[in-house]
Amino acid sequence: MKPGRYKRELSALAAYVALLIVVGILAPSFFDGANLRDLALNNAPTLIIATGMTMVILVGEIDISVGSQFAVCSVAAGILAKSGIPIPLVLLCVIAIGAAMGMLNGVLVGWLRLPSIIVTLAMLVAWRDALRWITAGAWVQDLPGNFQWFGLGQQWGQWLIVGVALVLLVCFSWIIHNLAMGRSIYAVGSDSEAARLAGIEPKRVVFFVFTLMGALVGLAALLNAVRFSVVPSNSGMGLEMKAIAAVVVGGTAISGGRGHLFGTLIGVALLGTIGTALTFLGINPFWEKAIQGAIILVALVSDVALGRLEHHGRINPIRSNA
């Protein structure tokens, strides 16, 4: 790890380690194996979505429709499984549904050049209201026995969900730093016009990351849905903010072109641990959102400050794709 290259990520890591030390001293039972397993399991879907969100933000865009996409894919997974479709085919269908929703965002943002925050805000409302109208708020129940935990049993199902999230993170981390497509993501986020002059088509890159984002949402939705015996029609509420916050706290610049999935992992772990840590410390869990907001604000201020220092040449530029 090159010094300076991961300066933002290491700041998040230091905060996470400090949190763990405080909790370890005041509430050692926090580190019980069952609690740590539950933490990993609860945050695995968020990690998958945050992995895609990192790439969206790296190209200088944002997607706040992922929570609604998550709900649509969750309900679709339950309905498909209930209809008797084999689980492997359900997986493919749900990923395809997610990719299609992401593709629509990609067309509107990448090819029509509409502002991503406006497009995805509209989609957030549209998908959520459409789902509410179709389901009338009803949950999907009477799921087949092989749907929960993929029929593997709870222990193996839990390991599978956490393992998939971590493997995806590692794979995409390698891809964006070693393949041409990954380098194109950084190039477009850093300077789309310079990327275009270098032979990269920014519209194609933006379209690709939004489509990938949707596919990952579909996968995360299924992995989350199989944990329960019913599928809520209101799942994914606030998920977009969790994913975006984890990416920003993990050191990815909201303006694009700079960041690393290692930082996203730390961001998910840090924000995902706070609520449980407060419970073990005997603090009202309603403080969780306030603390998360403060951490996000500090991360944004730090990012702006470091960016200005880099701009004025006081410190070496920090590029995670260097």
Side-chain angles (χ1 to χ4, degrees), residues 49-73 95-131 172 175-177 179-218 220 236 239-241 243-248 250-261 264 300 303-304 307 310-311 317 319-321:
I49 293 174
T51 297
M53 189 67 72
T54 301
M55 287 180 275
V56 170
I57 293 178
L58 281 174
V59 297
E61 305 293 348
I62 199 164
D63 188 347
I64 58 176
S65 67
V66 294
S68 296
Q69 292 179 26
F70 186 89
V72 171
C73 291
I95 291 176
I97 291 170
M101 290 189 287
M103 193 178 298
L104 178 58
N105 287 340
V107 169
L108 295 173
V109 176
W111 294 97
L112 299 185
R113 298 187 179 184
L114 300 178
S116 59
I117 190 168
I118 302 301
V119 168
T120 57
L121 176 61
M123 290 303 173
L124 179 149
V125 176
W127 293 127
R128 183 72 67 179
D129 285 352
L131 183 63
F172 280 111
I175 287 171
I176 64 175
H177 290 289
L179 298 185
M181 174 54 72
R183 292 191 290 272
S184 297
I185 290 174
Y186 281 106
V188 171
S190 297
D191 189 329
S192 61
E193 180 60 21
R196 188 186 66 79
L197 294 175
I200 298 170
E201 182 53 71
K203 292 184 290 187
R204 292 182 184 274
V205 175
V206 171
F207 176 80
F208 168 76
V209 295
F210 273 104
T211 303
L212 178 62
M213 176 79 261
L216 290 176
V217 169
L239 184 58
E240 57 282 339
M241 291 299 102
I244 294 170
V247 174
V248 174
T252 298
I254 197 68
S255 56
R258 185 177 61 240
H260 197 283
L261 284 171
T264 297
L300 287 172
D303 183 68
V304 171
E310 291 169 10
H311 179 73
R319 295 285 179 181
S320 291
N321 60 321

Sorted by chain and number, sequence neighbours left out, side-chain hydrogen bond (donor to acceptor under 3.5 Å, both in side chains) with Ser65 holds for Asp63, Gln69, Asn105
Residue pairs meeting salt bridge (charged side-chain N to carboxylate O under 4.0 Å, His left out), one or both in residues 186-197, sequence neighbours left out, come to Glu193-Arg196
Any non-hydrogen side-chain atom of Met213 less than 4.5 Å from a side-chain atom of Ile49? yes
Closest non-hydrogen contact found for Ile254 with Ile62 is CD1-CD1, 4.3 Å
In Ile64, Val66, Leu239, the residue satisfying side-chain contact (heavy atoms from CB on, under 4.5 Å) with Ile244 is Ile64
Original post:
Got Phe172 and Thr264 here, is their nearest side-chain heavy-atom distance under 4.5 Å?
Top reply: no
#### Entry: Beyond-backbone contact of Met181 with Ile175, side-chain heavy atoms, under 4.5 angstrom
no
So salt bridge (charged side-chain N to carboxylate O under 4.0 Å, His left out) across residues 198-215, not counting sequence neighbours, yields none
Test side-chain contact (heavy atoms from CB on, under 4.5 Å), reference Val247, set Leu261, Leu58, Ile57, output is Ile57
Residues Ile176 and Met55: closest non-hydrogen pair is CG2-SD, 3.8 Å
Here the pair of heavy atoms bringing Pro202 nearest to Val188 is CA-CG2, 4.0 Å
- Query: So do the side chains of Glu61 and Val209 get within less than 4.5 Å of each other, counting heavy atoms only?
  - Reply: no
Quiz item: Counting N and O atoms only, with roles assigned by atom type, does the side chain of Glu240 sit under 3.5 Å from a partner on the main chain of Gly67, one being a donor and the other an acceptor?
Solution: yes
When rounded to the nearest 0.5 Å, the distance separating OH of Tyr186 from NE2 of His260 is 6.0 Å
* Should Phe210 and Ser116 count as side-chain neighbours, where that means a heavy-atom distance under 4.5 Å? -> yes
Value for CD1 (Ile117) from CG (Leu121), rounded to nearest 0.5 Å, stands at 7.0 Å
field: Within-4.5 Å side-chain heavy-atom neighbours: Arg128 and Leu124
entry: no
Does Leu179 have more than 12 heavy atoms from other residues, nucleotides or ligands lying within 6.0 Å of its CG?
yes
Can you tell me how the ring of Phe207 sits relative to the ring of Trp111, calling it parallel under 30°, perpendicular over 60° and tilted otherwise?
perpendicular
